[in-house]
Amino acid sequence: MRLAAAAALTAILSACSVGPDYKQPPAVVPAAYKEANGWQVAQPNDGIDRGAWWSIYDDPMLDQLERQVDISNQTLKAAEAAYRQAVAVVAEGRSGYLPTLSINGSADLAKSAGAISSPTTKSHGEYSAAASLDWDLDIWGRIRRTVESNKASAQASAADLAVARLSAQATLATDYFELRIADESARLLESTVADYQRALQIVQNQYAVGVAAQSDVAAAQTQLQQAQAQGIDIGVERATLEHAIALLIGKAPADLTVTPAALGGAVPVVPTGLPSNLLQRRPDIAEAERTMAAANAQIGVAEAAFYPDITLSALVNYGSTAVGQLFTAANQAWSMGGAVSETVFEGGLRTAEVSAARATYDQAVANYRQTVLTGFQQVEDELSTLRILEQEAAVSDAAVRTSHQATQLALNEYEAGLTAYTTVITAQTAELSNQRTALSIRQQRLVASVALIEALGGGWNANDLPPPGKL
């Protein structure tokens, strides 16, 4: 009954928690994205799969690799362990809600000799057992604010895990597309080498019949060898990218081989949604917001130190010289009471701790708002990049077609004896340069589309965070 009364008293007093209640401060949120003007909206409106966002690229090999990130990526495993640690800290703090029960016992045995005339010995013992209970009533909410802070920190850790996952997935997709562009470049140079070999044969035939100079043969050979060297050099970049992908899926580079394959031509359109949605879709923004909430609760923890600490305690003790009679009413002693403790002078320590907690919260607010602004910047950057690169791709593709025609005309004119071979060399160089530029633009567009998906949160939502009630 006494414990029930104490519990009721605690429940009544628990409404008193010092420190400010958390309210999410506002952040700068534009009504629309500046660079989204004229942006084509994907159908359906939410075209990014909440889980496998990379499925928008319709690449089975990419899908196979991405699904291994959650299983084997060691950076992700470390982030997941950090989250489990944060959840355990919540449980540690929550234990302060309950009383602490301690038990102990002792037994002392002694033997003494009798008188000289009576050589018998006597033995006796002393036995004791005790149980004590201590309960911090947490009237001012120090424990509750601590748990509140720990829960927010655990949610921030969960968001940090989502950030790590999305970063690993986006990095893998970027490396994969760059590897496929390397495959396309290798095929381009292989085709170019074949064209240059045919051109060299034409020059050699012309030289054999005396209508071409030996310098033309040397120039054609040089052109061919340069293309061959570029083709070999592609292998360095491709191998490095393959090794990077292996690391992202938790494998040794020797255990992964990505077979060369063609890359799809289309760059998918990514839906952006409203700017206000970004606050719910980016895990780094959620992490910053939860960190802000945790810092706010710590103000209450610091302010609670100004108030006295009130605890209830109870003790039951048994003592006897006979172990069989230890737990009898005659050998029982008990006590119950309360204690109040308060520091009278501490040289301004608590005031300084409150000031530090408020400064930490202000810092968290600034970091949150900066994270939001950075998120909008990244979306705007990728939108403008995709829009401009799309225009550049159209011009570049036209340049490829024109330069190909120029090369064929120059070669025909050379065979007819109407132009010098230097004209052919110039045309061939321009064509290869335009082709490689077109591939580079294609690579930039794919990488920018991945970056836009990452900037938009990759289909993640703040509702994916563990609810406080389940921590």
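One is the number of the first residue; the rest follow in order along the sequence. Remember, it's a predicted structure, so these values are computed and weren't measured experimentally.
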Problem set entry | Under 3.5 Å: donor-acceptor pair, side chain of W54, backbone of L62 | no
For this session: Assess the side chains of S396 and T437: does a donor N or O sit below 3.5 Å from an acceptor N or O?
Result: no
Exercise. Is a donor on one side and an acceptor on the other found under 3.5 Å between the side chain of Q298 and the backbone of V301?
Worked result: no
Problem set entry | Side-chain (S167) to main-chain (V163) donor-acceptor, under 3.5 angstrom | no
Exercise. So, the side chain of T374 versus the backbone of Q370: is there a donor-acceptor pair under 3.5 Å, distance only?
Worked result: yes
Exercise. Is the closest side-chain donor-acceptor distance between Q444 and S440 under 3.5 Å?
Worked result: yes
Exercise. Have E66 and W53 got a donor and an acceptor in their side chains that come within less than 3.5 Å?
Worked result: no
Problem set entry | Any donor-acceptor pair under 3.5 Å from Q155 side chain to L465 backbone | no
Exercise. Short question: side chain of R369, backbone of P25 - any donor-acceptor pair under 3.5 Å?
Worked result: no
Problem set entry | Flag, side chain of Q68 to backbone of G250, donor-acceptor distance under 3.5 Å | no
Problem set entry | Worked verdict on E178 versus R442 for salt bridge (Lys or Arg N to Asp or Glu O under 4.0 Å) | CA-CA 10 Å; E178 289 179 349; R442 188 176 172 191; over 6 Å; no
Exercise. Looking just at side-chain N and O atoms, do S157 and D160 make a donor-acceptor pair shorter than 3.5 Å?
Worked result: no
Exercise. Would E303 and R358 pass as an ion pair if we require N to O under 4.0 Å?
Worked result: yes
For this session: Tell me, yes or no, whether the heavy-atom count around D397 atom CG, taken from other residues, nucleotides or ligands under 6.0 Å, exceeds 12.
Result: yes
For this session: For the pair S185 and R238, evaluate side-chain hydrogen bond (donor to acceptor under 3.5 Å, both in side chains) and give the outcome as yes or no after the intermediate values.
Result: CA-CA 10 Å; S185 296; R238 191 188 192 282; over 6 Å; no
Exercise. Are E184 and R180 close enough for a salt bridge, meaning some N to O gap below 4.0 Å?
Worked result: no
Exercise. What's the verdict on ring pair (Phe, Tyr, Trp, His ring centres under 6.0 Å) for Y57 and F177, showing C-alpha distance, side-chain angles and the deciding distance?
Worked result: CA-CA 10 Å; Y57 297 102; F177 288 132; 4.8 Å; yes
Exercise. Is K151 salt-bridged to E92, going by a charged N under 4.0 Å from an acidic O?
Worked result: no
Problem set entry | Sidechain-backbone polar pair: K251 side chain, S72 backbone, donor-acceptor under 3.5 Å | no
Exercise. So does E148 pair up with R145, basic N to acidic O under 4.0 Å?
Worked result: yes
Problem set entry | Verdict with reasoning, Y368 to Q24, per side-chain hydrogen bond (donor to acceptor under 3.5 Å, both in side chains) | CA-CA 10 Å; Y368 165 71; Q24 183 174 336; 2.8 Å; yes
Problem set entry | T371 (side chain) donor-acceptor with N367 (main chain) under 3.5 angstrom | yes
Exercise. Within the side chain of R281, is there an N or O that forms a donor-acceptor pair under 3.5 Å with the backbone of W460?
Worked result: no
For this session: Start with the C-alpha distance between T328 and Q332, add both sets of side-chain angles, then the distance that settles side-chain hydrogen bond (donor to acceptor under 3.5 Å, both in side chains), and finish with yes or no.
Result: CA-CA 7 Å; T328 61; Q332 181 193 75; over 6 Å; no
Exercise. So do L248 and L172 actually touch side chain to side chain, heavy atoms under 4.5 Å?
Worked result: yes
Exercise. Is it true that R67 and D63 make a salt bridge, defined as a side-chain N closer than 4.0 Å to a carboxylate O?
Worked result: yes
Exercise. Is the shortest distance from a Lys or Arg side-chain nitrogen in D136 or R142 to a carboxylate oxygen in the other one below 4.0 Å?
Worked result: yes
